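Basis for what follows: all heavy atoms, side chains included, without hydrogens, waters or symmetry-related copies. Because the structure is a prediction, the values reported are computed rather than measured.
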Amino acid sequence: MSDGISAGYLRSLEAIRGIGALAIVLYHLDDRLGLPFYFDNFYIGVDLFFVLSGFIIFHVYGGRIDDRTGYARFLWLRIARIYPLHFVTLVAFVAFQALTIEIGGSLAASIEPLFAHNDIWSFLANLAVIHALNLLDGPSFNIPSWSISTELYTYVVFGALFWAGLIRPERPFAVPILIAIAGFALMAARTPSFNAMHDLGFIRNMVGFALGVAARGLYGLLPRPSTRMLTMLQLAAVAMLLVVLVVPGRSAPYLNYTVPLAGAVLILACSHDRGGFCPILLLAPLQWLGRISYALYLTHYMLVLVVSGLYVAAVQHGVIAGKAWQPWVLIPVIIAITLPVAHATHVWVELPARTFLRQWGRLLPSAASPRT
């Protein structure tokens, strides 16, 4: 790998990643129990991930992948980043499914329908990280991991484009914008909703990643923007995202297609760590949330299933009743459970496994920043 873009650490973007992960936790709680309507669109946290990923990957690796060895090392580092925790949570989910079926009862009755696509083929597909490439009939096992599948193969594509010199710091726009336009067109021809997973999720990922790359290109080419301009861009982007959250998808088909664009503007505007929301994003709790975001994203789903299943069983058996026990009261409960689990998983599983696999990559030339 040769020298390329300076790989400085972008602290505000770390916090945005954490907020996106927490949004997905609440989206899955809503999917199970039905929270107030604006939680229905909290899946947009995934699109923020995709745009962030494109921005940061180009920030770290732009102009650095210039031969086969550099490309191989890039892919190995990405695998070291995402695969260990995916593998651990996949195995944990298999054990969780077996235990749930064994226990039976009301809890199992509310969860077992979600195991419909969990067969040996889907397990092998999850193991090979190909389970979101439109090869299966539906989402399977640890459902949030569909985006890990699409992200890995997005790395494969964009790493090759970096290596081929088609995307470089001095020409960061043409290819990513063409990919984004083509992706939007393909998605729009198939569905009015941008919330695709195991079927069109790869295209969705490519669109967000491409816009993130383009946003990082703009970051590198523009002069230092004023704090006032950054604040205005952040406010405009957040306003657009809030519109998507509060407008039901049935009322405005295709509205959520604006999310990757709004996300790209937000991430570009926050990448300078100045203005608008950045003082909040730089607070220590949100920085911590960003650091554990990947573990939160991959560990929360089983916990949501258990908590929501217990809630449904308690309601059915009359253990809890009345307006005071609406599903939204579980929001602080699920946060209080998932965050400590994510922190422990990050410290005891994610970081050691990543470090172990990175050591195997030392035979290849040194690469960029480890905090990606």
Side-chain angles (χ1 to χ4, degrees), residues 16-54 89 114 117 131-132 134 138-151 154 183-184 187-188 190-209 211-212 237-264 266-267 289-290 293-294 296-305 307-308 327-328 330-331 334-335 338 342:
I16 293 175
R17 179 158 42 197
I19 294 169
L22 191 57
I24 297 301
V25 175
L26 299 180
Y27 168 70
H28 283 130
L29 187 64
D30 169 67
D31 187 54
R32 292 287 295 151
L33 297 177
L35 300 177
F37 73 93
Y38 40 83
F39 287 97
D40 293 351
N41 292 333
F42 267 37
Y43 63 80
I44 67 174
V46 173
D47 297 293
L48 292 180
F49 290 156
F50 293 154
V51 178
L52 268 168
S53 182
T89 52
L114 299 172
H117 300 291
H131 52 294
N134 205 18
S140 57
F141 292 99
N142 190 25
I143 288 177
S145 73
W146 71 266
S147 64
I148 309 308
S149 172
T150 62
E151 184 77 355
T154 298
F184 276 129
M187 289 281 291
R190 296 283 298 276
T191 173
S193 173
F194 204 66
N195 187 21
M197 295 193 300
H198 68 284
D199 47 3
L200 300 175
F202 179 60
I203 299 174
R204 178 184 177 186
N205 196 330
M206 289 282 287
V207 168
F209 196 98
L211 291 174
V238 169
M240 186 66 247
L241 293 174
L242 289 175
V243 169
V244 173
L245 290 180
V246 301
V247 176
R250 294 184 301 275
S251 303
Y254 299 101
L255 178 63
N256 55 8
Y257 277 65
T258 63
V259 170
L261 294 168
L266 177 64
I267 288 160
L289 185 64
S293 59
Y294 185 55
L296 178 62
Y297 182 72
L298 281 186
T299 60
H300 79 270
Y301 189 62
M302 284 179 285
L303 300 172
V304 167
L305 293 183
V307 170
S308 61
W328 59 265
L330 293 180
I331 291 176
I334 201 65
I335 291 174
T338 55

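If you take CG on Asp30 and CG on Leu330, they are separated by 12.0 Å, rounding to the nearest 0.5 Å. Atom CG in Leu245 sits 9.5 Å away from atom CE in Met240 (nearest 0.5 Å). In this structure, CG on Asn205 lies 4.5 Å from CD on Glu151, to the nearest 0.5 angstrom. Note that CZ of Arg204 and OH of Tyr43 are 7.0 Å apart. Values are rounded to the nearest 0.5 Å. To the nearest 0.5 angstrom, Ile203 atom CD1 is 10.5 Å from Thr154 atom OG1. Considering NE2 of His300 and CD1 of Ile334, their distance stands at 8.5 Å, rounded to 0.5 Å.
Contact annotation: the side chain of Thr299 approaches that of Thr89 to within less than 4.5 Å [non-hydrogen atoms, C-beta and beyond]. Side-chain atoms of Leu296 and Leu289, non-hydrogen and from C-beta on, do get closer than 4.5 Å to each other. Contact check for Tyr297 versus Ile148: side-chain heavy atoms found under the 4.5 Å cut-off. Side-chain atoms of His28 and Leu303, non-hydrogen and from C-beta on, never get closer than 4.5 Å to each other. Side chains of Leu241 and Val259 form a contact here, defined as non-hydrogen atoms less than 4.5 Å apart. A 4.5 Å side-chain heavy-atom check between Val25 and Ile335 finds every atom pair outside the cut-off.
Annotation for Leu35 and Phe39: closest pair CB-CD1, 3.6 Å, computed over non-hydrogen atoms. Of all the heavy atoms in Phe141 and Tyr301, the pair that sits closest is O-CE2, 4.2 Å. Closest of all the heavy-atom pairs between Pro192 and Tyr257 is O-CE1, 3.5 Å. When all heavy atoms of His117 and Ser140 are compared, the closest pair comes out as O-CB, 3.8 Å. Taking every heavy atom of both residues into account, Ser147 and Thr150 meet most closely at O-OG1, 3.1 Å. Residues Ser293 and Gly18 approach most closely at CB-CA, 3.8 Å, considering heavy atoms.
Panel note: side chain His131, backbone Ser145; a donor-acceptor pair is recorded below 3.5 Å. Remark: the backbone N or O of Phe50 is not paired with any side-chain donor or acceptor of Ser53 at under 3.5 angstrom. Side chain of Asn256 to backbone of Ile44: no donor-acceptor contact under 3.5 angstrom is found. With hydrogens and angles disregarded, a donor-acceptor distance shorter than 3.5 Å links the side chain of Asn41 to the backbone of Val247. Listed for the Tyr27 side chain is no donor-acceptor partner under 3.5 Å among the backbone atoms of Gly45.
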Apply side chain to side chain contact (heavy atoms under 4.5 Å, CB included) to Val244 and Phe194, showing your working. CA-CA 11 Å; Val244 173; Phe194 204 66; over 6 Å; no
